Number of protein chains: 2
Amino acid sequence: MEKTLIEIDKAAAVLKLLGDKTRLTMIGLLKDGECCVCEFVEVLQMSQPSISQHLRKLRDNGLVKERRSGQWIFYSLNRESDTFSIVESVLELIPEQMDKLKELENKGLRICCD
Amino acid sequence: MEKTLIEIDKAAAVLKLLGDKTRLTMIGLLKDGECCVCEFVEVLQMSQPSISQHLRKLRDNGLVKERRSGQWIFYSLNRESDTFSIVESVLELIPEQMDKLKELENKGLRICCD
DNA sequence: TGCATATATAAGAATATACTTATATACTAA
DNA sequence: TTAGTATATAAGTATATTCTTATATATGCA
């Protein structure tokens with residue numbers, strides 16, 4: 001049950017990534033599954049390049065991983081990351097973001113990724 | 001045992017504050033007690049104004065509180081903050097910073113705050 | 001009162017961050 | 001092959017961040 005400690009530099013880097021509302025919401029959206037870029041664009045109401053740039057930071061730091069499926073690239077949490085415990089802890093303390101995906105689904109806007 | 005959820009904006013703000021090595025180390029140093037500004041200056045090897053500015057950010061966001069005692073101002077974690085659970089979780093995942101204070105004590109540099 | 005110490009604040013500079021628009025790349029399907 | 005869709009990258013800009021140096025404030029003590 002003992003968690004491995006994360007060195008301070010690495011912890012600070014991850015916390016800095018999570019310390020941005022857009023990226024924190026993204027991580028929240030990934031809590032229960034995958035999302036593709038177009039879904040983030042819809043939910044977060046931001047430009048596609050901006051979303052891609054945030055995802056790149058998360059990926060470069062190993063917080064998320066990607067999986068291509070046809071034209072789409074699906075992102076998911078990288079639970080194998082040695083800093084995942086930070087992400088996990090934070091996810092327990094913030095509200096679920098799932099409802100935003102549900103809304104999207106209700107509007108029929110999630111079809112692009114089926 | 002159920003923790004109250006922290007809204008995403010507020011969580012992101014706190015995580016941003018913790019996402020800086022200097023401030024994260026400060027929080028780590030406060031885990032087991034108070035520290036005064038001159039101790040932070042010694043341990044972190046940074047200028048006094050820089051330390052004060054970091055402490056101000058932490059204080060403005062309610063993460064730490066201050067207590068004046070003579071010429072010295074002692075900082076401590078604000079365990080009453082509604083975002084303290086984030087700080088608490090992070091503290092469990094990073095190494096103890098106490099040894100740095102011990103070193104200081106060994107060098108006799110902690111006398112200023114007795 | 002006057003000086004020393006501890007801390008805070010102000011102003012400015014260098015750098016980092018997060019957008020924007022434009023364009024490149026990868027895949028699908030006609 | 002060509003057009004269309006999804007995503008990534010590049011370049012530029014506005015703003016935020018974190019230092020620095022100089023100065024202000026608060027306390028203690030002779």
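The shown structure was predicted, so the numbers you read here are calculated from the model rather than taken from an experiment. Below, chain A is the first sequence line, B the second, and so on; all start at residue 1.
Here the closest non-hydrogen pair linking Val43(B) and Leu29(B) is CG1-CD1, 3.9 Å. Counting all heavy atoms, side chain and backbone alike, Thr22(B) lies closest to His54(B) at CG2-CD2, 3.7 Å. Minimum heavy-atom separation, Ser89(A) to Ser89(B): CB-CB, 3.9 Å. Val64(A) approaches Leu55(A) most closely through the heavy-atom pair CG2-O, 4.2 Å.
Scored by the side-chain hydrogen bond (donor to acceptor under 3.5 Å, both in side chains) test, Ser47(B) finds no partners at all (sequence neighbours excluded). Considering only residues two or more places apart in sequence or on other chains, Lys31(A) meets the side chain to side chain contact (heavy atoms under 4.5 Å, CB included) condition with Leu91(A), Glu96(A). Residues meeting the side chain to side chain contact (heavy atoms under 4.5 Å, CB included) test with Val41(B), sequence neighbours left out: Val37(B), Gln48(B), Ile51(B). Legend: residues meeting side chain to side chain contact (heavy atoms under 4.5 Å, CB included) with Arg68(A), ordered by chain and number and at least two apart, are Ile73(A). Thr25(A) pairs by the side-chain hydrogen bond (donor to acceptor under 3.5 Å, both in side chains) definition with nothing, not counting sequence neighbours. With sequence neighbours excluded, the residues satisfying side chain to side chain contact (heavy atoms under 4.5 Å, CB included) with Lys65(B) are Ser76(B), Asn78(B), Glu80(B). Residues meeting the salt bridge (Lys or Arg N to Asp or Glu O under 4.0 Å) test with Asp99(B), sequence neighbours left out: none.
Atom CZ of Arg67(A) and atom C1' of dA6(D) are 15 Å apart (whole Å). Taking atom CD of Gln45(A) as the reference point, atom P of dT20(C) lies 12 Å away to the nearest angstrom. Per the geometry, CD1 belonging to Ile73(A) stands 8 Å off C1' belonging to dA26(C), to the nearest Å. The distance between atom CZ of Arg68(B) and atom P of dT5(C), rounded to the nearest whole Å, is 16 Å. A straight line from CD of Glu42(B) to C1' of dT5(C) spans 14 Å, rounded to a whole angstrom.
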What does the list of N/O pairs under 3.5 Å between the protein and nucleotides 1-5 of chain D look like, with a distance for each?
residue, atom, partner, partner atom, Å
dT5(D), O2, Gln71(A), NE2, 3.1

Side-chain donor/acceptor pairs under 3.5 Å, residues 9-16 of chain B, sequence neighbours excluded:
residue, atom, partner, partner atom, Å
Asp9(B), OD2, Lys21(A), NZ, 3.3
Lys10(B), NZ, Asp82(B), OD2, 2.9

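Taking only side-chain nitrogens and oxygens, Tyr75(B) never comes nearer than 4.0 Å to OP1 or OP2 of dA6(C).
Figure legend: Arg67(B) and Phe74(B) shown as a cation-pi pair, the cationic atom lying under 6.0 angstrom from the six-membered ring centre and within 45 degrees of its axis.
The bend of the helix from dT1(C)-dA30(D) to dA30(C)-dT1(D), defined by the angle between the axes of its first five and last five pairs, stands at 10° to the nearest 10°.
Of all the residues in residues 46-63 of chain A, Gln48(A), Pro49(A), Ser52(A), Gln53(A), Arg56(A) reach under 4.0 Å from DNA chain D with at least one non-hydrogen atom. Contacts between residues 13-23 of chain A and DNA chain C, defined by a heavy-atom separation under 4.0 Å, are made by Lys16(A), Asp20(A), Thr22(A), Arg23(A).
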